[in-house]
J.: 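Take this structure, written in structure tokens, and hold onto it; I'll ask about it next.
Hydrogens, waters and symmetry mates are skipped; everything else that's a heavy atom, side chains included, is used.
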Amino acid sequence: MTSVRFQPGQSGNPAGRPKGIPTKAQKYRAAIEDHVEDIIKALVRQAKAGDVSAASLLLSRALPPLRPESQAQSIQATATSLVERAEEITAATLAGEIPSSVAADLMGVLSGLARVTEVEDLAKRMDELEDRMK
């Protein structure tokens, strides 16, 4: 048996799927469309009767997943440089004063601040160079 090889970059079906031909997912949706309400009612009954799988399925589809929320934390910040601030955050984390997830968030904030500061410094240096060239 010989196999047909397509040339690289050339589609095996250049015309694509013919219009009006449903995908498998569309066929399945159409098959249960008239029964969705009954299916949901049955799942609710099963969940109320203690079926954890039914409850999990219903909740996963009806409610967005919970996201972790950080409580506001304060640390004694006496540092002025970004490096010193990062060291304070690290020390507070290692001392158990703040959770590591909060430390990661704070380090992300410092990283953003560092990028903004870097761009601002670069813009000032470019302005100075342009002034010198004039």
J.: Listed by chain and number, what are the side chain to side chain contact (heavy atoms under 4.5 Å, CB included) partners of T80, not counting sequence neighbours?
T.: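 T80: side chain to side chain contact (heavy atoms under 4.5 Å, CB included) contacts with E84.
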J.: To the nearest 0.5 Å, tell me how far L106 CG sits from S100 OG.
T.: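 Here the rounded value is 11.5 Å.
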J.: Going only through I, L, V, M, F, W and Y residues with side-chain contacts under 4.5 Å, is there a path from M107 to L113?
T.: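 Cluster IDs for M107 and L113 match.
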J.: Would you give the length of the straight line joining atom CD1 of I21 to atom NZ of K27, rounded to the nearest 0.5 angstrom?
T.: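 The CD1 atom of I21 sits 8.0 Å away from the NZ atom of K27.
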J.: Can you tell me if S111 and R115 form a side-chain donor-acceptor pair at under 3.5 Å?
T.: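 Judged by distance alone, the side chains do pair up.
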J.: Mind checking who shares a hydrophobic cluster with V119, ILVMFWY linked at side-chain heavy-atom distances under 4.5 Å?
T.: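 Traced through the cluster, V119 reaches no other member.
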J.: For a quick test of your reading: what N or O donor-acceptor pairs under 3.5 Å do the side chains of residues 48-65 make, sequence neighbours left out?
T.:
| from | atom 1 | to | atom 2 | distance (Å) |
| --- | --- | --- | --- | --- |
| D51 | OD1 | S53 | N | 3.0 |
| D51 | OD1 | A54 | N | 3.1 |
| S60 | OG | S56 | O | 3.2 |
| S60 | OG | L57 | O | 2.9 |

J.: I want to check something: taking the side chain as every heavy atom from C-beta on, are T93 and I89 in contact at a cut-off of under 4.5 Å?
T.: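 Of all side-chain heavy-atom pairs linking I89 with T93, at least one is under 4.5 Å.
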J.: What residues form a side chain to side chain contact (heavy atoms under 4.5 Å, CB included) with L94, not counting sequence neighbours?
T.: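 Residues passing side chain to side chain contact (heavy atoms under 4.5 Å, CB included) with L94: T90.
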J.: Just list the side-chain donor-acceptor pairs under 3.5 Å for residues 35-46, sequence neighbours left out, or say none.
T.:
| from | atom 1 | to | atom 2 | distance (Å) |
| --- | --- | --- | --- | --- |
| E37 | OE2 | K41 | NZ | 3.3 |

J.: In residues 121-134, what donor-acceptor pairs under 3.5 Å come from side-chain atoms, sequence neighbours left out?
T.:
none

